[in-house]
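Each remark here refers to the structure printed beneath this line.
Bear in mind that the values here come from a model prediction, so they are computed numbers and not experimental data.
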Amino acid sequence: MNAESPILSALKRQVAAMERRAPTGKAVRVATGHGDIDAALDGGVARGRLHEIFAVEAGDAGSATGFAGMLSIRLGGGIVWLREESAVRGGGHLHAPGLVEIGLDPARLLLGLLPDALSVLRAAAEVVRCAGVGVAVIELHRDPKVLDLTASRRLALAAEESGVAALLLRIAATPVASAADTRWAVRSCASQPLPANAPGHPTFDLELLRQRGRGADGRWQVEWNREQAVFTSPTQRSAPSGAVVAVPARRPAAAPIPLRRTG
């Protein structure tokens, strides 16, 4: 690696300031709250592992982003979210009020904007090694050549050594061979309205495409319950409202939210 960039240096300083926790060599599983999913995962999503999250279609980018945020909340700890600057230039701002709406505390989130995919991966390698981080979200668009099997192995090994949960969020991308523990596909799905026709809980069509070392897979429709911070099966109410998850990937923040940012 060449001379360290100012952006990466700033990231490392802020990550080091996070509350530390002991690394673990054995995966600790965190239940999602959805019984069938937790059964398929042998108890829940593993910390200290690399997980891939794919938006199935371009219109599913917001839902995949929302799922990554919700899963990060569930996994716990400080969240470092790494993105390419080109994603922001293309209008792909994280919707800060939407993140707050799903229950993400801005004080837990450190947002890093890097020049390109290679810079994102280099920063991710440093962040995932830091046991003071709870979750690292590594957001990459399309199919950068630098993201190959070797790169995913580096991230997977770093996660296993530190105990950090690494979520590789892929937008407009094609699944390829990787060292990820799980691979998920996320599709947008209409939510069920609450009483008095209030907007329903964010809802997804969630598919487990593969799981390392296990043949289990599956596909479920799930809701995110913000109050309890768990995924559940959709509650059968009246006809669908047509509303989908409220974390669009291509919508700027409507009001200033104190997300800590470097880059």
I'd like to know whether CZ of Arg226 has more than 12 heavy-atom contacts from other residues, nucleotides or ligands below 6.0 angstrom. yes
Using 0.5 Å steps for rounding, measure from the CD atom of Glu139 to the CG atom of Leu94. 6.0 Å
I want to check something: taking the side chain as every heavy atom from C-beta on, are Glu85 and Ser119 in contact at a cut-off of under 4.5 Å? no
Leu167 and Ser72 have their tightest heavy-atom pair at CD1-OG, 3.5 Å
Please check this pair: side chain of Arg183 against backbone of Ile53, looking for a donor-acceptor N/O pair closer than 3.5 Å. no
Nearest 0.5 Å, what's the CG-CD distance between Leu147 and Glu52? 7.5 Å
Taking the basic N atoms (NZ, or NE/NH1/NH2) and the acidic carboxylate oxygens, is any pair closer than 4.0 Å for Arg187 and Glu207? yes
Flag, side chain of Arg210 to backbone of Ala180, donor-acceptor distance under 3.5 Å: yes
Distance-minimising heavy-atom pair for Arg214 and Asp42: NH1-CB, 3.7 Å
Hey, could you give me the OG1/CG distance between Thr32 and Leu75, rounded to the nearest 0.5 Å? 10.0 Å
For His51, does its backbone N or O pair with a side-chain atom of Asp181 as donor and acceptor, under 3.5 Å? no
Is there a path from Phe54 to Val137 through hydrophobic residues (I, L, V, M, F, W, Y) whose side chains come within less than 4.5 Å of each other? no
Would a distance-only check, ignoring hydrogens and angles, find a side-chain to backbone donor-acceptor pair under 3.5 Å from His201 to Pro234? no
Trp81 versus Leu169: any side-chain heavy-atom pair under 4.5 Å? yes
CG of Asp60 to OG1 of Thr65, rounded to nearest 0.5 Å, is 10.5 Å
Within the distance-only criterion (no hydrogens, no angle test), does the side chain of Trp224 pair as donor or acceptor with the backbone N or O of Ile102 below 3.5 angstrom? yes
For Leu208 and Ile37, run side-chain contact (heavy atoms from CB on, under 4.5 Å): C-alpha distance rounded to whole Å, both residues' side-chain angles, the deciding distance at 0.1 Å, then the answer. CA-CA 9 Å; Leu208 178 59; Ile37 293 177; over 6 Å; no
For the student: nearest non-hydrogen atoms of Ser152 and Ser178, plus distance: OG-CA, 3.5 Å
Test item: Gln211 side-chain N/O and Ala40 main-chain N/O as donor-acceptor pair under 3.5 Å: yes
Where is the tightest heavy-atom contact between Ile138 and Val120, given as atom of each residue plus distance? CG2-CG1, 3.7 Å
Interatomic distance, CD@Glu126 vs CG@Leu121, rounded to 0.5 Å, equals 12.5 Å
Going hydrophobic residue to hydrophobic residue with side-chain gaps under 4.5 angstrom, can you get from Val164 over to Leu157? no
Is Phe231 reachable from Val30 through a run of I, L, V, M, F, W or Y residues, each pair having side-chain heavy atoms under 4.5 Å apart? yes
Flag if over 12 foreign heavy atoms under 6.0 Å of CZ, Arg154: no
Point-to-point distance, once rounded to the nearest 0.5 Å, from CZ of Arg219 to CG of Leu209: 9.5 Å
Okay, side chain of Gln221, backbone of Cys189: is any donor-acceptor separation there less than 3.5 Å? no
Less than 4.5 Å apart, any side-chain heavy atom of Asn225 and any of Glu223? no
Under a 3.5 Å distance rule, please check whether Arg29 uses its side chain to pair with a backbone N or O of Leu41 as donor and acceptor. yes
What pair of heavy atoms forms the shortest contact from Arg47 to Ala165, and how long is it? CA-CB, 4.3 Å
Check whether any side-chain N or O of Arg74 sits under 3.5 Å from a backbone N or O of Ala31 as a donor-acceptor pair, and report yes or no. yes
Does Asp38 use its side chain to pair, donor to acceptor, with the backbone of Gly35 at less than 3.5 Å? no
Grouping I, L, V, M, F, W and Y whenever their side-chain heavy atoms are under 4.5 Å apart, do Leu168 and Val146 come out in a common cluster? yes
Is there a path from Leu118 to Val80 through hydrophobic residues (I, L, V, M, F, W, Y) whose side chains come within less than 4.5 Å of each other? yes
Validation row: Leu114, Arg122 side chains within 4.5 angstrom (heavy atoms): no
Determine whether Pro106 and Val100 make a side-chain contact, defined as any pair of heavy atoms from C-beta on separated by less than 4.5 Å. yes
Sub-4.5 Å side-chain heavy-atom contact between Asp205 and Val56: no
Minimal non-hydrogen separation, Val128 against Ala166, with atom names: CG2-CB, 4.2 Å
Parallel, tilted or perpendicular, as decided by the 30° and 60° cut-offs, for the rings of Trp220 and Trp184: tilted
